[in-house]
Amino acid sequence: MDGGNQSVLSEFVLLGLCHSWNIQILLFIIFCMLYLMIVSGNIVIVILIITDSNLHSPMYFFLANLSFVDMLLSSVTTPKMITDLLREKKTIHFGGCMFQIFLSHFIPGLEMVLLVIMAYDRYVAICKPLHYSTIMSLKNCTGLVVTSWALGFLHAMSQIVVTARLPFCGPKEIDSFFCDTPLVIKLACIDSYNLEILMNVHCGVVAITCFILLLTSYTYILLAVHKSSKTGASKALSTCTAHVTVVVLFFWPCIFIYVWPLSNTGVNKFLAVFYSVFTPLLNPLVYTLRNKEMKNAIKKFRNYYVDSKGNN
């Protein structure tokens with residue numbers, strides 16, 4: 001396979017979400033508002049965790065990283081999607097398309113591993129409380145986060161190395177609002193059926209492995225909670241419920257996109273939008289609305305801001 005395919009096909013045409021100009025204007029307004037909410041909501045969580053000493057624990061350290069990753073996840077495709085809603089011709093350069101594919105696997109792969117780490121953190125806190133401070137030391141927590149970034153990078157590289165070397169000579173239309181790997185592979189000038197299956201299996205194995213690890217961790221946690229006191233069980237169950245909610249919101253569209261791909265283009269576009277826009281938006285809401293310590297931190301931050309503004 002020749003790596004010089006850019007001389008044959010220099011750009012791809014994105015068909016976008018829909019063809020109605022009025023609907024595109026409406027979606028432009030909606031997605032602009034949602035993207036601002038995603039960025040501001042996750043920034044607030046990161047600031048609260050950094051500034052509030054009560055949140056300086058491994059669980060919130062991982063949550064701050066998750067919020068940062070969620071901002072990256074929404075920024076992979078959403079800004080391009082928003083600007084394209086105002087364009088009649090939606091194109092993306094070959095290099096930009098490959099970079100988008102890389103990021104669309106790097107960030108989700110990173111987040112999957114990070115969610116597993118957060119589940120492990122709760123497992124250690126509930127099932128091995130006496131050893132928690134030793135196992136989840138700052139050094140170990142930092143090492144786990146670095147590991148999640150490294151694994152996400154390796155997963156993305158395994159996808160982009162294959163995709164970027166495919167010969168593309170047309171057609172160049174992608175029936176989506178971003179460069180999705182299965183759709184791009186179909187445009188290669190080779191019989192890509194087996195390669196599509198291989199790439200989907202690869203993504204599926206990563207997603208299912210992480211999902212099984214998450215289920216295992218939360219199963220042990222629920223069993224431990226069942227045997228513990230009512231007070232401790234209630235707090236642990238509340239925290240774990242928030243985690244499980246985030247896991248379901250993240251993995252549900254991912255499984256349908258890559259593990260169980262659908263032939264319905266409209267459904268795939270909806271799932272892709274949900275994955276890149278609504279999941280990063282719902283995560284901060286889930287953690288702030290279901291977490292008492294986060295609610296208290298928000299109140300303290302708000303009171304401090306009001307007091308300092310009143311003094312001025």
Side-chain angles (χ1 to χ4, degrees), residues 1-17 31-32 35 38-39 42 65 68-87 89-114 146 148-190 192 195-196 198-200 202-203 206-207 250 253-254 257-258 268-269 271-277 279-280:
M1 285 183 269
D2 186 9
N5 45 25
Q6 292 190 56
S7 61
V8 179
L9 197 154
S10 61
E11 66 178 19
F12 295 97
V13 176
L14 302 172
L15 298 184
L17 292 172
F31 288 137
C32 275
Y35 184 64
I38 290 168
V39 174
N42 283 291
N65 279 274
F68 178 71
V69 171
D70 274 335
M71 281 192 290
L72 296 180
L73 178 63
S74 65
S75 299
V76 172
T77 59
T78 307
K80 169 73 174 162
M81 176 184 67
I82 291 172
T83 55
D84 279 349
L85 287 169
L86 299 179
R87 294 173 180 167
K89 187 177 181 182
K90 307 167 180 58
T91 60
I92 183 169
H93 192 267
F94 180 87
C97 183
M98 294 301 111
F99 187 58
Q100 200 173 65
I101 288 176
F102 173 79
L103 291 179
S104 66
H105 286 278
F106 175 38
I107 305 303
L110 158 61
E111 183 155 343
M112 285 182 192
V113 180
L114 193 56
V146 171
S148 68
W149 281 80
L151 292 176
F153 179 81
L154 290 175
H155 168 63
M157 285 300 297
S158 67
Q159 295 282 317
I160 197 63
V161 165
V162 175
T163 307
R165 290 178 60 82
L166 291 173
F168 295 99
C169 52
K172 59 180 182 178
E173 290 185 342
I174 300 174
D175 192 7
S176 184
F177 59 92
F178 74 108
C179 287
D180 195 8
T181 309
L183 297 179
V184 172
I185 290 176
K186 287 181 180 178
L187 302 181
C189 303
I190 59 171
S192 60
L195 182 59
E196 288 177 53
L198 179 64
M199 299 292 263
N200 279 332
H202 181 268
C203 292
V206 173
F250 183 81
C254 180
I257 291 172
Y258 293 107
N268 280 329
K269 287 182 181 180
L271 291 173
V273 170
F274 187 92
Y275 189 67
S276 59
V277 177
T279 299

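A donor-acceptor pair is defined here as one N or O able to donate and one able to accept, closer than 3.5 Å; no such pair exists between the side chain of Glu11 and the backbone of Thr91. Thr279 places a side-chain N or O within donor-acceptor distance of the main-chain N or O of Phe274, the cut-off being under 3.5 Å. Using a distance-only test at 3.5 Å, with no hydrogens or angles considered, no donor-acceptor pair links the side chain of Lys172 to the main chain of Ser10.
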If you apply the rule side-chain contact (heavy atoms from CB on, under 4.5 Å), what do you find for His105 with Ile160, and how did you get there? CA-CA 9 Å; His105 286 278; Ile160 197 63; over 6 Å; no
Pair Phe177, Thr77 - check side-chain contact (heavy atoms from CB on, under 4.5 Å), show working. CA-CA 8 Å; Phe177 59 92; Thr77 59; 4.0 Å; yes
Audit row: Met157, Phe106, side-chain contact (heavy atoms from CB on, under 4.5 Å) steps and yes/no: CA-CA 8 Å; Met157 285 300 297; Phe106 175 38; over 6 Å; no
Assess the residue pair Arg165 and Val162 against the criterion (side-chain contact (heavy atoms from CB on, under 4.5 Å)); give the C-alpha distance rounded to whole Å, side-chain angles, the decisive distance to 0.1 Å, and a yes or no. CA-CA 6 Å; Arg165 290 178 60 82; Val162 175; over 6 Å; no
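Annotation: the span from Thr163 atom OG1 to Ile185 atom CD1 amounts to 4.5 Å, rounded to 0.5 Å. Between the OG atom in Ser75 and the OH atom in Tyr35 there is a gap of 2.5 Å [rounded to 0.5 Å]. Distance check, rounded to the nearest 0.5 Å: CG of Leu187 to CG of Leu166 gives 10.0 Å. With rounding to the nearest 0.5 Å, the separation of CZ in Phe94 from CZ in Phe168 is 5.5 Å. Residue Lys90 holds its NZ atom at 12.0 Å from OG of Ser176, rounded to the nearest 0.5 Å.
Closest non-hydrogen pair, Met112 versus Val206, comes out as SD-CG1, 4.1 Å. For Val184 against Met98, the heavy-atom pair with the smallest separation is CG1-CE, 4.1 Å. When all heavy atoms of Lys80 and Thr83 are compared, the pair lying nearest together is O-OG1, 3.0 Å. Across all their heavy atoms, Thr181 and Met199 have their closest contact at CG2-CE, 4.1 Å.
Using cut-offs of 30° and 60° for the angle between ring planes, the Phe250 and Tyr275 rings count as tilted.
Using a 4.5 Å heavy-atom threshold, the side chains of His202 and His155 count as touching. Residues Ile174 and Asp180 have side chains not in contact (no heavy-atom distance under 4.5 Å, counting atoms from C-beta outward). Val76 places none of its side-chain heavy atoms less than 4.5 Å from the side chain of Ser276. Looking at Leu17 and Phe31, their side chains come closer than 4.5 Å, going by heavy atoms from C-beta outward. Here the side chains of Asp70 and Ile38 are not in contact, with every heavy-atom distance at 4.5 Å or above. Side-chain atoms of Cys203 and Gln159, non-hydrogen and from C-beta on, do get closer than 4.5 Å to each other.
Environment of CZ in Phe153: sparse, with no more than 12 heavy atoms of neighbouring residues, nucleotides or ligands closer than 6.0 Å.
Of the candidates Leu73, Thr78, Val69, Ile107, Pro280 forms a side-chain contact (heavy atoms from CB on, under 4.5 Å) with just one, namely Leu73.
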